[in-house]
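Okay, so here's the structure we're looking at.
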Amino acid sequence: MESGPAVFAGTAFALFGAALLVWTGARIIHRAPVAHGVSPAVSTALATLFGVLFLVLGVWCFTHI
């Protein structure tokens, strides 16, 4: 009964983290800003950090089913 919410949360976190990493990578390849009005190095680092964090959180949810 408790595995349903864990699967949903794991899927949501993993999809968001993967999408954020893909989007950040696409912005870097096209040399476009990741966030407007912020230093490119800081915005790239934070977007990558949070993408990896959400991806790891999703995997962690899947391991606790």
Side-chain angles (χ1 to χ4, degrees):
M1 193 71 175
E2 293 179 2
S3 66
V7 170
F8 177 77
T11 303
F13 284 134
L15 283 176
F16 180 74
L20 185 59
L21 287 173
V22 167
W23 179 80
T24 304
R27 300 297 285 183
I28 292 170
I29 289 171
H30 294 292
R31 297 195 183 261
V34 176
H36 293 286
V38 183
S39 168
V42 172
S43 61
T44 301
L46 284 177
T48 303
L49 174 73
F50 279 106
V52 170
L53 179 71
F54 278 109
L55 197 56
V56 168
L57 187 58
V59 170
W60 181 80
C61 286
F62 285 135
T63 61
H64 285 79
I65 295 177

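Note: the hydrophobic cluster containing F16 also contains L53 (ILVMFWY, side chain heavy atoms under 4.5 Å, direct or indirect links).
What you find for A14 and L55 is that their closest heavy atoms are O-CD1, 3.5 Å. For the residue pair A9 and C61, the shortest heavy atom distance occurs at CB-SG, 4.3 Å.
With sequence neighbours excluded, the residues forming a side-chain contact (heavy atoms from CB on, under 4.5 Å) with V38 are A35, V42, S43, listed by chain and number.
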Report, one line per pair, each donor and acceptor closer than 3.5 Å where one atom sits in a side chain of residues 20-32; sequence neighbours left out.
{"from": "T24", "atom 1": "OG1", "to": "L20", "atom 2": "O", "distance (Å)": "2.7"}
{"from": "R27", "atom 1": "NE", "to": "P33", "atom 2": "O", "distance (Å)": "3.0"}
{"from": "R27", "atom 1": "NH2", "to": "P33", "atom 2": "O", "distance (Å)": "2.8"}

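Put simply, CZ on F50 and CG on L57 are 12.0 Å apart, with the number rounded to the nearest 0.5 Å. For the atom pair L49 CG and T44 OG1, the distance stands at 12.0 Å (nearest 0.5 Å).
The closest side-chain heavy-atom distance from F62 to T11 is below 4.5 Å.
Side-chain N or O atoms of T63 include one that pairs as donor or acceptor with a backbone N or O of W60 at under 3.5 Å.
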